[in-house]
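Provided herewith is a single structure, encoded as structure tokens, for subsequent inquiry.
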Amino acid sequence: MTDEIPEDHPRYESLLTRHRIEAGVDSGITSRQGLIAEGRGEAFDYLLGEQTISSADRAARAAAAQLLSAEQPVLSVNGNVAALVPEEMVELADAVDASLEVNLFNRTEERLDRIVTHLREHGADEVKGLTADARIPDLSHERAKVDADGIAAADVVFVPLEDGDRAEALAALGKVEIVVDLNPGSRSAQTAAIPIVDNIIRAVPNIVAHARDLETAEPGQLRAITDSFEASVALQEAEQTIRNGSLSSSDTTRDSRSWVPPISEGSVEPAE
Ligand code: PTJ
């Protein structure tokens, strides 16, 4: 179906995203609520100019540094994420040496199995989430199910397009949360240590690129990047872009990622 979208269409990426979500629903990977979630996301993305703003790029770099510094990082995958960026999530897990765990809001065993198979078809060796032998406290039953050696034991969790309740519950457990959410006002984005206000289809490849750039960085360099990142400033900048309109903003990085200073040996990432 995606072959039908001409690549020079001005809204190619957006249409491609819709088709991937539709295909996800058709194949039983994505929930029907996932369609609504996508629509909500699209509206914010439209207002952001469907591009990665510089605060989102800084957040992506901080996320890469945080994941590379983690002892037990876990990347959570739901039905929308599996439909939109399966290969990219596998690549990210590889780049930062993290586990992948399927964790669903509308959990059914059938959908769980399909997503695990889908991720394996896209190159994943091991996918957690089927054991579900631990619970996140203070959450209603199905949403609380996690693997004891996965999200339950993780120090850093990457939770794209997350439900606000669960994001709060994970933060209350002391986990460092990295969230991707196009709505800077969502509870998930507000709860996250590192909120990335960007479309998941741009955010994940961007984190991978930063992780590759940082793979030889010293622990001190990684810490300097995470320490200098301020979630509230990033959220404010995203909200300003949405309120003011991206067309009046020159604050974009789509064609100007080169402003991000590359790590050179012995250098410490400068504070923003
Ligand atoms: O597969 P499941 O059962 O785990 O369900 C997943 C969804 C996403 C359906 C579920 O978690 C849900 O209902 O989420 P919400 O509460 O609708 O929140 C989704 C958030 O993700 C919203 O704030 C959207 O703006 C945002 N969002 C939607 N699409 C994208 C997005 N953010 C980044 N990239 C997107 N493509």
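In what follows, every heavy atom counts, from backbone to side chain, and hydrogens, waters and symmetry copies are set aside. Just follow the structure's listing: the first ligand is 1, and inside any ligand the first atom is 1. The chain is numbered in sequence order, starting from 1.
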Can you get from Leu75 to Val127 by hopping between Ile, Leu, Val, Met, Phe, Trp and Tyr side chains that sit under 4.5 Å apart?
->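 Linked, Leu75 and Val127 end up in one cluster.
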Nearest to atom 28 (C) of ligand 1, what protein heavy atom do you find, and at what distance?
->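 Looking only at protein heavy atoms, the one closest to atom 28 (C) of ligand 1 is Ala37 O, 3.0 Å.
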Which heavy atom of the protein is the closest neighbour of atom 13 (O) of ligand 1, given with residue, atom name and distance?
->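 Going atom by atom, the protein heavy atom closest to atom 13 (O) of ligand 1 ends up being Gln33 OE1, 4.1 Å.
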How would you list all residue pairs meeting salt bridge (charged side-chain N to carboxylate O under 4.0 Å, His left out) that involve residues 31-43, not counting sequence neighbours?
->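 Listed once each, the pairs are Arg18-Glu42.
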At the 4.0 Å heavy-atom cut-off, does Thr17 count as touching ligand 1?
->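 Contact check Thr17 vs ligand 1: negative.
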Give yes if a backbone or side-chain nitrogen or oxygen of Glu162 is under 3.5 Å from a nitrogen or oxygen of ligand 1, and no if not.
->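 No, no N or O pair falls under 3.5 Å.
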Under 3.5 Å, is there a donor-acceptor pair between the side chain of Arg111 and the main chain of Asn106?
->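 Indeed, once roles are kept as given, a pair shorter than 3.5 Å links the two residues.
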Per-atom contacts of ligand 1 with Leu84, taking only distances under 4.0 Å to non-hydrogen atoms |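 It comes down to these atoms of ligand 1: 36 (N).
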Can you tell me which residue and heavy atom of the protein come closest to atom 15 (P) of ligand 1, and the distance to 0.1 Å?
->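 Closest protein heavy atom to atom 15 (P) of ligand 1: Arg40 NH1, 3.4 Å.
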What part of Thr30, side chain, backbone, both or neither, has a heavy atom within less than 4.0 angstrom of ligand 1?
->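 No part of Thr30 is near ligand 1 at this cut-off.
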Taking atom 11 (O) of ligand 1 as the reference point, the nearest protein heavy atom with its distance |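 For atom 11 (O) of ligand 1, the nearest protein heavy atom comes out as Leu161 O, 3.5 Å.
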With a cut-off of 4.0 Å, which atoms of ligand 1 are near a heavy atom of Glu38?
->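 Those of ligand 1 that fall under 4.0 Å from Glu38 are 29 (N), 36 (N).
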Start with the C-alpha distance between Asp165 and Arg143, add both sets of side-chain angles, then the distance that settles salt bridge (charged side-chain N to carboxylate O under 4.0 Å, His left out), and finish with yes or no.
-> CA-CA 9 Å; Asp165 279 358; Arg143 289 181 304 154; 3.4 Å; yes
For Thr30 and Asn80, does a side-chain donor sit closer than 3.5 Å to a side-chain acceptor?
->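 Absent: no donor and acceptor within the cut-off.
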Does any N or O in the side chain of Gln221 come within less than 3.5 Å of the main-chain N or O of Glu218, such that one atom is a donor and the other an acceptor?
->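 Judged by distance alone, yes, a pair lies under 3.5 Å.
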Give yes if a backbone or side-chain nitrogen or oxygen of Val180 is under 3.5 Å from a nitrogen or oxygen of ligand 1, and no if not.
->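 No, there is no polar N/O contact under 3.5 Å.
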Which heavy atom in Leu222 sits nearest to a heavy atom in Ser69, and how many Å separate them?
->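 Shortest heavy-atom separation between Leu222 and Ser69 comes out as CB-OG, 3.6 Å.
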Identity and separation of the nearest protein heavy atom to atom 1 (O) of ligand 1 =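 Protein heavy atom with the smallest distance to atom 1 (O) of ligand 1: Gly79 N, 2.8 Å.
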May I ask you to list the atoms of ligand 1 that are less than 4.0 angstrom from any heavy atom of Gly34?
->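 Once the distances to Gly34 are compared, the set is 9 (C).
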Side-chain (Asp198) to main-chain (Ala56) donor-acceptor, under 3.5 angstrom |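 Between the backbone of Ala56 and the side chain of Asp198 there is no qualifying donor-acceptor contact (under 3.5 Å).
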Could you go through residues 81-105 and list every donor-acceptor pair under 3.5 Å that involves a side-chain atom there, pairing it with any protein atom two or more places apart or in another chain?
unit_1	atom_1	unit_2	atom_2	d
Glu101	OE1	Ile151	N	2.7
Glu101	OE2	Asp147	N	2.9
Asn103	OD1	Arg166	NE	3.3
Asn103	OD1	Arg166	NH1	3.1
Asn103	ND2	Lys145	O	3.0

Looking only at protein heavy atoms, identify the closest one to atom 33 (C) of ligand 1 and say how far it is in Å.
->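 Going by distance alone, atom 33 (C) of ligand 1 is nearest to Asp198 O, 3.4 Å.
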Close N or O approach (Asn106, ligand 1; < 3.5 Å) |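 Yes, Asn106 has an N/O under 3.5 Å of an N/O on ligand 1.
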Phe44 side chain near Val197 side chain, heavy-atom distance below 4.5 Å =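 Heavy-atom side-chain distance check fails, nothing below 4.5 Å.
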Region of Arg111 that comes within reach of ligand 1 [heavy atoms, distance under 4.0 Å] =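 For Arg111, the contact with ligand 1 is made by the side chain alone.
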Do me a favour and list the nearest non-hydrogen protein atom to atom 4 (O) of ligand 1 with residue, atom name and distance?
->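 The protein heavy atom lying closest is Phe105 N, 2.6 Å.
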For the hydrophobic clusters of this structure (ILVMFWY residues joined by side-chain heavy atoms under 4.5 Å, transitively), does one cluster hold both Phe229 and Val208?
->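 Result: yes, single cluster for both.
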Name the option, out of Asp165, Val204, Asn78, that contains the heavy atom nearest to atom 6 (C) of ligand 1.
->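 When every heavy atom of Asp165, Val204, Asn78 is considered, Asn78 comes closest to atom 6 (C) of ligand 1.
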Nearest protein heavy atom with distance in Å, relative to atom 7 (C) of ligand 1 =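 Checking every protein heavy atom, the shortest distance to atom 7 (C) of ligand 1 gives Asn80 OD1, 4.3 Å.
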Examine distances only and state if a side-chain atom of Arg114 and a backbone atom of Ser27 form a donor-acceptor pair shorter than 3.5 Å.
->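 Indeed, once roles are kept as given, a pair shorter than 3.5 Å links the two residues.
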Compare Leu182, Ile200, Asp181 and give the one whose heavy atom is closest to atom 24 (C) of ligand 1.
->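 Heavy atom nearest to atom 24 (C) of ligand 1 belongs to Asp181.
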